[in-house]
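Single-structure report; data block below.
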2 protein chains.
Amino acid sequence: MLARVSSTPTFRRLPRAVREQQMLDAAVKVFSRRGYHGASMDEIADDAGISKPMVYAYLGTKEELFVACLHREGTRMMQAIADVVAPDLSADERLWRSLRAFLGFVGAHRDGWSVLYRQARGEQPFAGEITALRRRIVEVVAGMLEDTLRDAGREVTETELEVVAYALVGATESVADWLVDHPEADPEQTATRMMNVAWVGAAQLLAGTSWRPPNRRGEAPS
Amino acid sequence: MLARVSSTPTFRRLPRAVREQQMLDAAVKVFSRRGYHGASMDEIADDAGISKPMVYAYLGTKEELFVACLHREGTRMMQAIADVVAPDLSADERLWRSLRAFLGFVGAHRDGWSVLYRQARGEQPFAGEITALRRRIVEVVAGMLEDTLRDAGREVTETELEVVAYALVGATESVADWLVDHPEADPEQTATRMMNVAWVGAAQLLAGTSWRPPNRRGEAPS
DNA sequence: AAGCATACCTACTCGTGCGTAGGGTTACGC
DNA sequence: GCGTAACCCTACGCACGAGTAGGTATGCTT
């Protein structure tokens with residue numbers, strides 16, 4: 001039995017920490033391309049240049065591996081935002097910087113985060129985890145809105161705030177998706193456009209300019 | 001071999017069209033609860049009160065079955081909107097009615113459409129189909145915006161329009177999700193809130209009130 | 001009443017892919 | 001140099017679930 005005929009002797013044994021990162025890189029890549037179920041542990045192991053039992057030894061089951069991917073990429077994304085946002089900034093500036101950082105991040109890693117994120121929202125085992133993350137983000141956004149609103153001396157119910165925040169978050173996710181499959185688009189400019197519709201809308205709304213349903217024809221009042 | 005010991009003799013043979021609907025009902029239910037992969041054909045058949053080969057005979061493979069679900073629910077949703085929108089209405093009224101109908105529909109079928117929709121966006125085989133549908137909707141929304149904008153005598157690039165439309169669509173989807181897991185919420189009122197942020201934002205924006213990125217500190221101009 | 005199409009079933013095959021048993025080899029401490 | 005612990009492998013067991021083969025009963029037509 002001839003072993004390792006030729007090929008670069010890159011088969012050096014590597015410390016655990018390094019291999020784990022390589023595995024995660026491979027996993028993110030394969031999960032993104034094939035989806036959670038479409039991805040096989042064999043392919044991930046193969047892509048990481050390692051054999052399957054190693055993956056199990058280091059990162060656990062497929063489900064745990066996916067969570068680990070989600071966790072790493074999610075943390076990176078949050079970090080990218082945290083790096084540019086300081087708590088002493090005004091609410092609109094905080095929102096602007098977050099948006100900029102977020103779309104910049106998505107644009108820079110066109111696969112990876114946003115793809116995993118979409119995957120996770122569908123699959124039962126992860127939907128909960130993702131929903132929790134999403135809720136945290138919504139609360140931050142709602143907080144920003146509330147700050148501005150308080151300065152303007154306006155009262156709004158919590159539900160109202162929540163819905164508006166959900167709308168903003170959803171809009172941003174959607175625009176991020178758009179960014180992912182428009183490689184020629186500039187994240188910076190896209191962020192500006194997004195900020196336009198989001199902030200102008202929210203600001204005007206909170207300032208009191210509200211839209212009311214028309215009652216023109218055939219709408220029976222109760 | 002005793003067959004059918006007791007139980008209601010509901011085991012009457014039913015015409016194909018009826019059974020197909022029962023199967024689709026069961027499929028939608030199971031797919032929503034378990035997700036595409038989590039659902040088994042056995043469970044769907046069981047839930048429909050029928051055996052597996054029947055499902056294959058009438059609706060084809062699992063993938064085809066899921067597409068059939070998507071198709072039926074999607075058509076129902078589109079129909080709910082088409083029922084209340086006439087082409088001779090003003091753009092804002094068209095948008096308002098669509099929104100109202102959409103959130104009303106989602107609210108009325110709290111599982112079903114929106115859950116399947118989320119599922120489909122993640123899985124590779126259906127992502128294409130869903131993206132196409134989504135694009136059509138985005139184009140409709142973009143059309144509404146363009147109409148209004150043309151009336152206001154303002155010029156905007158197609159890309160700008162597309163991004164704003166994507167933002168609006170994403171925001172609506174997100175709010176729909178919120179509605180799904182807030183059973184106590186009123187779709188009508190939610191639609192109004194949504195219209196507030198969407199339309200006021202878009203209208204103000206297209207009227208020329210745009211937000212510009214601040215250039216306060218340390219931002220080197222190119 | 002015979003014929004026939006359609007509705008319907010039980011009981012299989014078989015691929016796929018997760019997870020593991022059990023064993024080799026390299027580095028590092030002593 | 002020698003033990004020990006970490007790294008890494010080939011090869012398998014096994015469950016699960018999609019899809020099917022082949023046969024039975026029922027109602028509708030003539």
Side-chain angles (χ1 to χ4, degrees), chain A residues 1-5 7-24 26-27 30-31 33-69 119 123-126, chain B residues 1-27 30-31 33-69 119 123-126:
Chain A
M1 274 287 186
L2 270 264
R4 296 290 165 246
V5 175
S7 83
T8 45
T10 320
F11 285 83
R12 278 227 312 287
R13 293 170 159 222
L14 295 175
R16 175 162 185 159
V18 177
R19 272 278 131 89
E20 276 180 350
Q21 291 310 309
Q22 294 180 346
M23 288 175 188
L24 285 174
V30 177
F31 279 136
R33 186 176 316 153
R34 308 248 194 250
Y36 177 69
H37 288 280
S40 78
M41 294 299 268
D42 286 281
E43 183 177 358
I44 291 170
D46 208 54
D47 198 278
I50 216 76
S51 77
K52 200 165 47 155
M54 279 277 90
V55 182
Y56 280 87
Y58 285 174
L59 278 325
T61 72
K62 187 179 188 182
E63 200 168 315
E64 289 166 342
L65 176 59
F66 189 77
V67 171
C69 289
Q119 300 287 343
E123 305 298 334
Q124 249 63 35
F126 319 113
Chain B
M1 277 285 190
L2 270 262
R4 298 287 165 247
V5 175
S6 65
S7 84
T8 43
T10 321
F11 285 81
R12 278 230 313 286
R13 296 175 158 218
L14 295 174
R16 176 163 185 158
V18 176
R19 272 279 130 89
E20 276 181 350
Q21 291 310 309
Q22 294 179 346
M23 288 176 188
L24 286 174
D25 290 342
V30 177
F31 279 136
R33 186 177 317 153
R34 308 250 195 251
Y36 177 69
H37 289 281
S40 77
M41 294 298 270
D42 287 280
E43 184 177 356
I44 291 170
D46 209 54
D47 198 279
I50 216 79
S51 78
K52 201 165 46 152
M54 278 278 90
V55 181
Y56 280 88
Y58 286 174
L59 278 326
T61 72
K62 188 181 188 183
E63 201 167 312
E64 290 167 341
L65 176 60
F66 189 77
V67 170
C69 290
Q119 299 287 344
E123 306 298 334
Q124 249 63 32
F126 319 113

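As the structure is a computational prediction, the values presented were derived from the model and not from experiment.
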| said: Measuring to OP1 and OP2 of D:dA6, would you say a side-chain N or O of A:R19 lies under 4.0 angstrom away? | reply: no
| remark: Between CD of A:E20 and C1' of D:dA6 the distance, given in whole Å, is 13 Å
| said: What's the closest nucleotide to the side chain of A:S40 if the choices are D:dC8, C:dC18, C:dC8? | reply: C:dC18
| field | Interatomic distance, B:Y56 OH vs D:dG22 C1' [rounded to whole Å] | value | 18 Å
| note | Considering only heavy side-chain atoms of B:R16, the closest of C:dA7, D:dC7, D:dC9 is C:dA7
| request: Could you check how far CZ of A:R13 sits from C1' of D:dT4, rounded to whole Å? | output: 13 Å
| field | Nucleotide D:dC9, atom C1' - distance to CG of A:D46 in whole Å | value | 13 Å
| field | Length of the line joining B:D42:CG and C:dC12:C1', which is rounded to integer Å | value | 13 Å
| query | Is there a side chain to side chain contact (heavy atoms under 4.5 Å, CB included) between A:L59 and A:E64 once you walk through the steps? | reply | CA-CA 7 Å; A:L59 278 325; A:E64 289 166 342; over 6 Å; no
| task | If the plane angle is over 60° it's perpendicular, under 30° parallel, otherwise tilted; pick one for B:F126 and B:F66. | result | tilted
| task | Would you mind classifying the nucleic acid contact of B:M41 as base, sugar-phosphate or nothing, using non-hydrogen atoms under 4.0 angstrom? | result | sugar-phosphate
| request: Can you tell me the distance, in whole Å, between the CG atom of A:L59 and the C1' atom of C:dC18? | output: 15 Å
| query | OP1, OP2 of C:dA7 versus side-chain N and O of B:Y58: anything below 4.0 Å? | reply | yes
| With sugar-phosphate meaning primed atoms plus P, OP1 and OP2, does B:A45 contact a base, only sugar-phosphate, or nothing at under 4.0 Å between heavy atoms? | nothing
| query | Do any N or O atoms from the side chain of A:K52 and from the backbone of A:E43 form a donor-acceptor pair under 3.5 angstrom? | reply | no
| task | Using the six-membered ring of A:F31, assess whether NZ or CZ of A:K62 lies under 6.0 Å from its centre and within 45 degrees of the ring axis. | result | no
| request: Remember a base hit wins even if backbone is also touched, and classify A:S51 as base, sugar-phosphate or nothing at under 4.0 Å, heavy atoms. | output: base
| Integer-rounded Å distance: C:dC18 P and B:H37 NE2 | 12 Å
| query | Rounded to whole angstrom units, what separation is found between the NZ atom of B:K62 and the C1' atom of C:dT16? | reply | 13 Å
| said: Checking A:R33 against B:Q124 for the side chain to side chain contact (heavy atoms under 4.5 Å, CB included) test, could you report, in this order, the C-alpha distance in whole Å, the side-chain angles of both residues, the deciding distance, and whether it holds? | reply: CA-CA 9 Å; A:R33 186 176 316 153; B:Q124 249 63 32; over 6 Å; no
